[in-house]
Amino acid sequence: MYSKSLVSVIKATVMILSKFEVKFYQQLEEFFQIHDFNLHLEHKQFRKATQNGFQNVIFSISETQKEYWIEVNFGVRCEFIEQLAQQFMHNTRGNRSTANTLVISFGKFQNLKYFRFKVTDEEELDKIIDEIKVFFDNRGFLFLQEAACLDKIDDLLNDMPTKPCRYLYNQVHRCFKGVIAAKLTDNHSFTTITNIYRHFLLKNGSDEELLNYERLVSFLHFYNPN
């Protein structure tokens with residue numbers, strides 16, 4: 001039998017889920033609830049509220065013939081950063097309140113390129129469920145707890161500003177969020193970071209993105225988070 005919470009969420013959403021997806025979320029729901037993560041089926045993720053945002057574990061499930069492929073991403077949202085960044089980026093309004101500040105895949109976190117779980121039978125699914133649980137018990141939850149700290153976000157975004165950040169897929173967004181994190185933490189390299197991201201956007205961003213970045217930087221020069 002499905003748990004009451006899972007059944008209610010399924011009834012409340014208009015999405016059509018395969019039997020496989022329902023079973024998959026059901027098998028993980030109790031585990032994540034023990035760690036205070038609640039199922040947000042409309043976003044296909046388990047989410048834990050924090051003092052300034054949330055931590056989440058996101059699943060993407062696709063089917064090809066008789067195989068299922070599962071991709072796992074996890075990360076955090078920092079409201080302080082997102083409330084500023086979303087004013088200068090062009091995300092759709094519907095995505096602004098749920099955007100992650102940091103996100104990384106299960107595979108990339110472990111330096112496994114293009115990694116996804118492949119499921120062909122019941123036994124394989126049980127093994128994958130166990131592997132996901134072990135990973136988050138041993139490493140994943142600890143990372144999420146550490147990454148929810150503003151100083152850690154600044155470190156992960158800005159430690160090597162001249163190189164791509166592995167904790168965000170969109171490197172243009174990294175420039176906006178990184179410079180905000182540097183300002184909020186009073187990073188002594190704020191000016192250097194600002195210039196490095198400006199140079200990146202000159203080469204890789206659109207004219208509009210560069211203009212919005214300059215507007216953000218001008219705003220941050222006079223912004224006092226206190």
Side-chain angles (χ1 to χ4, degrees), residues 21 24-25 27-41 43-62 67-79 81-82 85 91 95 98-119 124-178 180-182 185 193 197 200:
E21 288 178 290
F24 177 78
Y25 289 116
Q27 287 187 255
L28 282 171
E29 187 184 22
E30 183 178 356
F31 168 76
F32 279 105
Q33 281 187 337
I34 291 172
H35 296 276
D36 299 321
F37 283 75
N38 295 315
L39 178 62
H40 289 245
L41 196 57
H43 300 299
K44 298 191 175 183
Q45 64 185 246
F46 291 93
R47 186 185 296 177
K48 177 181 179 179
T50 63
Q51 288 185 336
N52 185 41
F54 58 69
Q55 304 168 15
N56 60 353
V57 182
I58 311 160
F59 296 95
S60 177
I61 301 173
S62 57
E67 299 174 347
Y68 290 94
W69 294 87
I70 303 170
E71 185 170 1
V72 185
N73 285 274
F74 54 102
V76 301
R77 174 184 174 88
C78 174
E79 282 297 334
I81 292 175
E82 293 305 320
N91 280 348
N95 294 330
T98 59
N100 273 55
T101 306
L102 301 175
V103 64
I104 189 169
S105 71
F106 183 98
K108 185 182 287 188
F109 188 83
Q110 301 177 93
N111 297 315
L112 304 171
K113 287 188 175 181
Y114 314 116
F115 177 84
R116 291 184 298 169
F117 290 108
K118 176 183 171 183
V119 182
E124 213 164 41
L125 175 60
D126 290 340
K127 290 180 180 179
I128 289 168
I129 293 290
D130 287 341
E131 186 173 344
I132 291 171
K133 291 178 179 179
V134 168
F135 170 79
F136 280 99
D137 269 337
N138 291 342
R139 301 181 65 186
F141 289 135
L142 177 60
F143 168 79
L144 289 173
Q145 183 178 348
E146 293 175 345
C149 169
L150 189 56
D151 285 334
K152 185 66 173 180
I153 292 173
D154 175 46
D155 180 52
L156 294 176
L157 288 175
N158 298 320
D159 182 47
M160 294 184 288
T162 60
K163 296 183 179 180
C165 177
R166 68 199 296 254
Y167 297 98
L168 266 183
Y169 291 107
N170 189 316
Q171 297 304 303
V172 169
H173 289 183
R174 181 266 192 100
C175 296
F176 288 81
K177 300 182 183 190
I180 293 170
T185 58
I193 289 168
Y197 293 154
F200 175 88

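Please read these numbers as outputs of a predicted model, since none were measured by experiment.
Here CG of Leu39 is found 8.0 Å from CD of Gln33. Values are rounded to the nearest 0.5 Å. Taken to the nearest 0.5 Å, the CD atom of Glu71 stands 11.5 Å off from the CD1 atom of Ile61. The line from CG of Asp137 to CG of Leu142 is 11.5 Å long, rounded to the nearest 0.5 Å. Interatomic distance, Ile193 CD1 to Asp159 CG, rounded to the nearest 0.5 Å: 9.5 Å. Rounding to the nearest 0.5 Å places CG of Leu168 at 6.0 Å from CG of Leu102.
The minimum heavy-atom distance between Leu157 and Ala181, with the atom names listed, is CD1-CB, 4.3 Å. Leu28 and Phe59 make their closest contact through CD1-CZ, 3.7 Å (heavy atoms, listed as atom of the first residue, atom of the second, distance). Counting all heavy atoms, side chain and backbone alike, His173 lies closest to Asn170 at N-OD1, 3.0 Å. Listed here is the closest heavy atom pair of Ser62 and Arg116: OG-NH1, 3.8 Å. Minimum heavy-atom separation, Cys78 to Asn52: SG-ND2, 3.0 Å. Scanning all heavy atoms of the two residues, the minimum distance from Phe200 to Cys175 falls at CD2-SG, 3.5 Å.
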| said: For Val57 and Leu144: C-alpha separation, side-chain torsions, deciding distance, then whether side-chain contact (heavy atoms from CB on, under 4.5 Å) applies. | reply: CA-CA 9 Å; Val57 182; Leu144 289 173; 4.3 Å; yes
| task | Check the pair Phe46 / Glu29 against side-chain contact (heavy atoms from CB on, under 4.5 Å), numbers first and verdict last. | result | CA-CA 8 Å; Phe46 291 93; Glu29 187 184 22; 4.2 Å; yes
| said: Let's go through Val72 and Glu131 carefully: what are the C-alpha distance in whole Å and the side-chain angles of both, what is the deciding distance for side-chain contact (heavy atoms from CB on, under 4.5 Å) to 0.1 Å, and is it a yes or a no? | reply: CA-CA 12 Å; Val72 185; Glu131 186 173 344; over 6 Å; no
| query | Would Gln55 and Thr50 satisfy side-chain hydrogen bond (donor to acceptor under 3.5 Å, both in side chains), going step by step from the backbone distance to the final call? | reply | CA-CA 7 Å; Gln55 304 168 15; Thr50 63; 5.9 Å; no
| side-chain contact (heavy atoms from CB on, under 4.5 Å) evaluation trace for His35 with Lys48 | CA-CA 8 Å; His35 296 276; Lys48 177 181 179 179; over 6 Å; no
Please table the atom pairs, donor to acceptor, closer than 3.5 Å between any side-chain atom in residues 107-114 and protein atoms at least two apart or in another chain.
unit_1 : atom_1 : unit_2 : atom_2 : d
Gln110 : NE2    : Phe106 : O      : 3.2
Asn111 : OD1    : Arg166 : NH2    : 3.2

Just list the side-chain donor-acceptor pairs under 3.5 Å for residues 145-154, sequence neighbours left out, or say none.
unit_1 : atom_1 : unit_2 : atom_2 : d
Asp154 : OD1    : Asn158 : ND2    : 2.6
Asp154 : OD1    : Asn187 : ND2    : 3.3
Asp154 : OD2    : Thr185 : OG1    : 3.1
Asp154 : OD2    : Asn187 : ND2    : 3.0

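Between Phe141 and Phe37, the ring-plane angle classifies as tilted under the 30° and 60° cut-offs.
In this structure, Phe117 and Ile132 have side chains that are in contact, with non-hydrogen atoms separated by less than 4.5 Å. Contact of the Arg174 side chain with the Tyr197 side chain is registered, since non-hydrogen atoms from C-beta on lie closer than 4.5 Å. Between Gln27 and Asp126, some side-chain heavy-atom pair lies under the 4.5 Å cut-off. Between Ile129 and Phe24 the shortest side-chain heavy-atom distance falls below 4.5 Å.
The backbone N or O of Asn100 lies less than 3.5 Å from a partner atom in the side chain of Lys177, making a donor-acceptor pair.
Paired with Asn56 under the rule side-chain hydrogen bond (donor to acceptor under 3.5 Å, both in side chains), one option of His40, His43, Arg77, Gln45 passes, and it is Gln45.
Glu30 CD: 12 or fewer foreign heavy atoms inside a 6.0 Å radius.
Partners of Tyr167 according to the ring-ring contact (aromatic ring centres under 6.0 Å, His included) rule, which considers only residues two or more places apart in sequence or in another chain, are Phe143.
Checked against the 6.0 Å centroid threshold, Phe74 and Phe136 count as a close aromatic pair.
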